**Student:** 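Take this structure first; my questions come after.
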There are 2 protein chains.
Amino acid sequence: MTVEEIKEKLYARGLKVTPQRIATYQALLELDGHPTAEDVKNYLAKNYPSITLGTIYNTLNTFVNNGLIKRIKSGSESTQYDVVLESHHHLYDTVSGRISDYYDEGIKDLLEEYFREHEIPGFEIEDIQIDIFGKPASQRTEENEE
Amino acid sequence: MTVEEIKEKLYARGLKVTPQRIATYQALLELDGHPTAEDVKNYLAKNYPSITLGTIYNTLNTFVNNGLIKRIKSGSESTQYDVVLESHHHLYDTVSGRISDYYDEGIKDLLEEYFREHEIPGFEIEDIQIDIFGKPASQRTEENEE
DNA sequence: CTTATTGCAAACGGTTTGCAGCATT
DNA sequence: AATGCTGCAAACCGTTTGCAATAAG
């Protein structure tokens, strides 16, 4: 992706086009896997040593809020524990951040069957867990009814 | 679950049976959902105010390491970001701990269809992500073939 | 020229750690 | 009696925030 295209992306969101933002976005493109803020900082260390970690965090948050990137694992919240050891799925309430259990044998069967036909090369599946992100159902909000 | 049973559980793991551990385990059983260390502390505030947050953390870690409970979302690690916006899944290598992306539109369709028929009461799905746990396919490891 | 963004450093919140005292075995 | 656990406080680490200086539109 060219610098021009990055600029357009920023512009399209109404964001100011700053060197820090361009550099951060480039770093994300360049870095393999799922970089952390630190990774970005390290990557930029050579060409752009003056950029601050704080700025990178701000920039990443801005990107997330504008739908330019996704946050994969949010480390800010507290760790949650579970006494229930059986395999089950999780509902992530994207509003409150609460996680609740979701039991459904049907899904398990469905997925097991699916993966029997679509094996993942070089990978032996031990367990499958589904993370379902969403929010409390708008119980028939007035504005949504047709 | 009775106190006796909890004691047995601890004993079975070779852990010392202390009031703090019993209380913490009880709290986990009693608390709905996926309590945090703070939640446990709050729960115990009335009957066991002297227990420390530090101890609770230690205790929970001990429990996790001994397979008594599971950690759901580990808050200690850094947040990871992803420029790739398409919904995709993650392969967790339970041996190395590595996470890699797994793209498969088929699953998405499958799950969307499934949940169209099996709605989750009170929950509006925004995104579904699958965590597939497993290990590199045993390509005929020496120790396993007899 | 206005407003948003940056850099810096200080603050924060969750979690870990070191160590002396204490409880469990 | 020996070991391992607890409590406490300090340290840690990732992240956020307040504010003055600066750059983008």
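We name chains A, B, ... by the order of the sequence lines, and we start the count at 1 in each one. This one's a predicted model, so the numbers in the text were calculated from it and none came from an experiment.
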**Student:** Please state how far atom CZ in B/Arg21 lies from atom C1' in C/dT25, giving the value in whole angstrom units.
**Tutor:**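 So the two atoms are 12 Å apart, to the nearest Å.
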**Student:** I need the CD1-C1' distance between A/Ile56 and C/dC8, as an integer number of Å.
**Tutor:**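 These atoms are roughly 14 Å apart.
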**Student:** Base, sugar-phosphate or nothing for B/Ser50? Non-hydrogen atoms, less than 4.0 Å.
**Tutor:**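 Since only primed, P, OP1 and OP2 atoms lie under 4.0 Å of B/Ser50, the category is sugar-phosphate.
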**Student:** Under 4.0 Å, counting only non-hydrogen atoms across every strand here, what does B/Asn61 touch: a base, just sugar-phosphate, or nothing?
**Tutor:**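 Sugar-phosphate, no base atom in range.
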**Student:** Check the distance between D/dC5's P and B/Tyr48's OH and give it to me in whole angstrom.
**Tutor:**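 My rounded result for the distance is 14 Å.
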**Student:** Any side-chain N or O of A/Thr18 below 4.0 angstrom from OP1/OP2 of C/dT6?
**Tutor:**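 So the side-chain polar atoms of A/Thr18 do come within 4.0 Å of the phosphate oxygens OP1 or OP2 of C/dT6, strictly under.
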**Student:** Are any side-chain N or O atoms of A/Arg71 and backbone N or O atoms of B/Thr79, one a donor and one an acceptor, separated by less than 3.5 Å?
**Tutor:**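 Such a contact is absent between A/Arg71 side chain and B/Thr79 backbone.
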**Student:** Can you tell me the distance, in whole Å, between the CG atom of A/Leu53 and the C1' atom of C/dC12?
**Tutor:**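 It is 16 Å, rounded to the nearest whole Å.
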**Student:** Between B/Thr36 and B/Gln20, which residue's closest nucleotide on DNA chain C lies nearer the 5′ terminus?
**Tutor:**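 Checking each residue's closest nucleotide, the 5'-ward one belongs to B/Thr36.
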**Student:** Of all the nucleotides listed (C/dG7, C/dT25, D/dC8), which has the minimum atom distance to the side chain of B/Thr52?
**Tutor:**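 So the side chain of B/Thr52 is nearest to D/dC8.
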**Student:** Do the rings of A/His88 and A/His90 sit parallel, tilted or perpendicular, given the 30° and 60° boundaries?
**Tutor:**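 Aromatic pair A/His88/A/His90 classed perpendicular.
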**Student:** Quick one: which of C/dT6, D/dT3, D/dG7 gets closest to the side chain of B/Lys16?
**Tutor:**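 The nucleotide sitting nearest to the side chain is D/dT3.
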**Student:** Grab the NZ-C1' distance between A/Lys41 and C/dT6 for me, whole Å please.
**Tutor:**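 Those two atoms, NZ and C1', are 13 Å apart.
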**Student:** Just to verify, which of A/Thr36, A/Asn61, A/Asp39 counts as forming a side chain to side chain contact (heavy atoms under 4.5 Å, CB included) with B/Tyr81?
**Tutor:**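 By the side chain to side chain contact (heavy atoms under 4.5 Å, CB included) criterion, B/Tyr81 pairs with just one of A/Thr36, A/Asn61, A/Asp39: A/Asn61.
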**Student:** Report yes if some heavy atom in the side chain of A/Lys9 is under 4.5 Å from a heavy atom in the side chain of A/Glu5; otherwise report no.
**Tutor:**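 Of all side-chain heavy-atom pairs linking A/Glu5 with A/Lys9, none is under 4.5 Å.
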**Student:** Check the distance between D/dG25's P and A/Leu10's CG and give it to me in whole angstrom.
**Tutor:**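 My rounded result for the distance is 9 Å.
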**Student:** Assign each of B/Tyr11 and B/Asn58 to its nearest nucleotide of DNA chain C by heavy atoms, then name whichever residue's nucleotide is nearer the 5' end.
**Tutor:**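 Nearer the 5' end of the strand: B/Asn58.
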**Student:** Quick check for you: among D/dT6, D/dG25, D/dT16, whose closest atom lies nearest to any side-chain atom of B/Thr55?
**Tutor:**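 For the B/Thr55 side chain, the nearest candidate turns out to be D/dT6.
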**Student:** Return the value, rounded to whole Å, for the distance between atom CD1 of A/Ile51 and atom P of D/dT22.
**Tutor:**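 So the CD1-P distance, A/Ile51 to D/dT22, works out to 18 Å.
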**Student:** What is the separation between atom CZ on A/Arg71 and atom P on D/dG14, rounded to the nearest whole Å?
**Tutor:**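 For the pair A/Arg71 CZ and D/dG14 P, the rounded distance is 16 Å.
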**Student:** On the six-membered ring of B/Phe133, is B/Lys135 placed so that its NZ or CZ lies under 6.0 angstrom from the centre and within 45° of the ring axis?
**Tutor:**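 That pair does not qualify as a cation-pi contact.
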